[in-house]
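First the structure, in the form of structure tokens, and then the observations on it.
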Protein chains: 2
Amino acid sequence: MSKVTLKEMAKVLNMSVSTVSKALNDSHEISDATKEIVKKFAKERNYQPNPLAKYLKLGRSNSIGVILPSIGNPFHSQIIESLHNYASLHNFNLIIMQSKDSEEIETKAIQTLLNQGIDGIIISPAHETSNIALLKKIHESTCPVIIFDRINYDLDTYKIGVNNFQSGLDATAELIKVGRRRIIILCGKNIGVTKERLAGYEEALKKNDIELIQEYIVYCNYNNSFEDFDNDLKEKIAVLMKDSSIAPNAIFGTTDTLTTRVLGILADLKIQVPNELAVIGFANTEIANSLNPALSTIRQPTAEIAALSVEMLIKLITNKKNRSQIDFQEFKLDSSIQLRKSTDVDS
Amino acid sequence: MSKVTLKEMAKVLNMSVSTVSKALNDSHEISDATKEIVKKFAKERNYQPNPLAKYLKLGRSNSIGVILPSIGNPFHSQIIESLHNYASLHNFNLIIMQSKDSEEIETKAIQTLLNQGIDGIIISPAHETSNIALLKKIHESTCPVIIFDRINYDLDTYKIGVNNFQSGLDATAELIKVGRRRIIILCGKNIGVTKERLAGYEEALKKNDIELIQEYIVYCNYNNSFEDFDNDLKEKIAVLMKDSSIAPNAIFGTTDTLTTRVLGILADLKIQVPNELAVIGFANTEIANSLNPALSTIRQPTAEIAALSVEMLIKLITNKKNRSQIDFQEFKLDSSIQLRKSTDVDS
DNA sequence: TTGTAGGCGTTATCAA
DNA sequence: TTGATAACGCCTACAA
């Protein structure tokens, strides 16, 4: 906390508080001579304006609340860093919260943010309908809310994510291209975006005259514990692999979590990647490259998503126009496919 | 930002502001009847006290500044999550900054935090001497500072990390135990903790009558770009591997960054892990398990480090005693070794 | 039990 | 060009 205040400086300098304040803020009302004296003195005393007082006066906290499923997930760190960078650029700071894919925890996170007096919220919702009424209310009356990443969410605001249908199609098409036609797709329960990715998957199959096999669509429950999640997934894969009539030869993981987890599981099951099972997944991190075999991924434009999210939110924060009048857009950015060893099949 | 204020509610309820305030704060001076009316009304209007005003009044912001080398590094996400959890527990919120291993960026980060009016700082310094004068000044006059993770840093305050000497010794001893005696150690330039880990490495060699080979001590410069860093490291390893008289058969990475990066490089060089080179590294994340081969690691007790850091800092924040009087301790927690495939050598 | 008044550190308005 | 004064929303003696 800063110690020296305007008042104290004013006293020592024999000026009024307002003069000192204006001098420091480079007001045109103040003479250059005075400005110089004040600024020099302020530097000497290492004056730091009290941001709380400032923001109280200005009616804003200059902080943005961010809610995403998990902070600890290594794959989220890049989006956090990007959001952080863009927020800093605009002199906003970030208060990050996590929902752990649970609506209740998400509710609390939202409450905490409101209690902190944030100026706006950027959220990747726990699931398609989580806290929708609450967020609607907040967006209408309290502060703007923006949806990112998990953009299948029924709130009338800016939404920033990728074209999930196309991404799913691309990933599947790539697997087909390297000769794999029996493709498992891993989906998250209640995660809207995986639905669209699944639709892309189905479209790719259709285009290539591949029959859709229901058993290949594997749903995973994010609310399970690590252990349950892994065991559940492991068993599902093991069962499929055992039945040679339908044994798959590729896996498409529709989220980063799903994809990394499945890699560990395949290693445990002693299944060779990519020879037995080619793998492609969603991931935003350089770590995909350090995996062995390096993981082929659908890469989301993290920086652009973060930049747009912050930009649109700040636009809404600074915009005094009634938010119900705004024509909100949905930004579906292009993802790119990054081929590495995990799909590098001997042809 | 919250909308309805005490004043407004007082007006509607025909009470004074202070009555309303006291009622909401459960003051004994207020009758139960009044309290009920006020609370009900506050809930109805969804009253949220303005935290800025509150904190201004109380002279504290209830927020903690955290500075670490990189937010985007997947390996830091767990420590961030842990810090976040413990801070939330105490009703503090976190403002996270990164230094990118650069003293200049660190300086800016510190300034930003001070401008935000944080109540204290938890920092893993960019390097052994970075911003030491500045932090000393802050710690003495402005707000308490605590060092974590990179605890080789000359500031008289609480420091929380692991026993790096022992950790280095353990990791090296494990490699020796599985029969590897020609062990490369990867160190960070100017990173104090890697020095101690190196000392542990040397001790382990000595105990096992293994000669120290200077070429095996490889320093990496964190300030390099990703690409330079990788190319540099790649070349150093390639050179060592080529000369069969000194070709190593194991690698010990003394930081998480170094370790993951080297995995990608080894894959590129088509060096088999663990058969040609066994690998052990520092890492705090479950992702080590998803690597193939799964990575053996020295695991730091992230949660404890975070808990202690937050606890000690809050102790200093709430403690009005002069900080120069305090007998600061250094907490060197035990790390644990987690063996996985990357050291599972055929014996 | 309730209300009045002052102040936390700023900024902004208006007067000098 | 400067200074006095009133906010911002909250808390808290102290007075009623």
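Proteins come first, then strands; the chains are lettered A, B, ... in the order of their sequence lines, and each starts at number 1. Just so it is clear, the structure is predicted and the values come from calculations on it, not from any experiment.
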**Q.** Check: C:dG3 base within 3.5 Å donor-acceptor of B:Ser18 side chain
**A.** yes
Q: Could you check which of D:dC8, D:dC11, C:dA12 has an atom nearest any side-chain atom of A:Leu58?
A: C:dA12
Q | the helix from C:dT1-D:dA16 to C:dA16-D:dT1: angle between end helix axes, five pairs per end, rounded to 10 degrees | A | 50°
Q.
Below the 4.0 Å mark, does C:dC8 have OP1 or OP2 next to a side-chain nitrogen or oxygen of A:Lys7?
A. yes
Q. Reckon B:Lys22 touches a base, only the sugar-phosphate, or nothing at all at heavy-atom distances under 4.0 Å?
A. base
Q.
Less than 4.0 angstrom between a side-chain N/O of B:Asn25 and OP1 or OP2 of D:dC11, yes or no?
A. yes
(Q) Can you tell me if B:Thr19 touches the phosphate of C:dG3, counting only side-chain N or O atoms and a distance under 4.0 Å to OP1 or OP2? (A) yes
(Q) Taking donor-acceptor contacts at under 3.5 Å, does the side chain of B:Ser16 reach the base of C:dT4? (A) no
Q: Report yes if a side-chain nitrogen or oxygen of A:Tyr47 is closer than 4.0 Å to either non-bridging phosphate oxygen (OP1 or OP2) of C:dT10; otherwise report no.
A: yes
Q | C:dT1 phosphate, OP1 or OP2, under 4.0 Å from B:Ser31 side-chain N/O | A | no
Q. Looking at C:dT11, does its base get a donor-acceptor pair with the side chain of A:Lys57 below 3.5 Å?
A. yes
Q. Within a strict 4.5 Å, meaning less than it, do heavy atoms of the A:Ser61 and A:Gln116 side chains meet?
A. no
Q) Salt bridge check: are A:Lys35 and A:Glu29 linked by an N-O gap of less than 4.0 Å? A) no
Q. Toward the 5' end of DNA chain D, which comes first, B:Val17 or A:Val17, by nearest nucleotide?
A. A:Val17
Q | Charged N-O contact under 4.0 Å between B:Lys39 and B:Asp26 | A | yes
Q: Verify, without hydrogens or angle tests, whether A:Gln48 (side chain) and B:Asn115 (backbone) share a donor-acceptor contact under 3.5 angstrom.
A: no
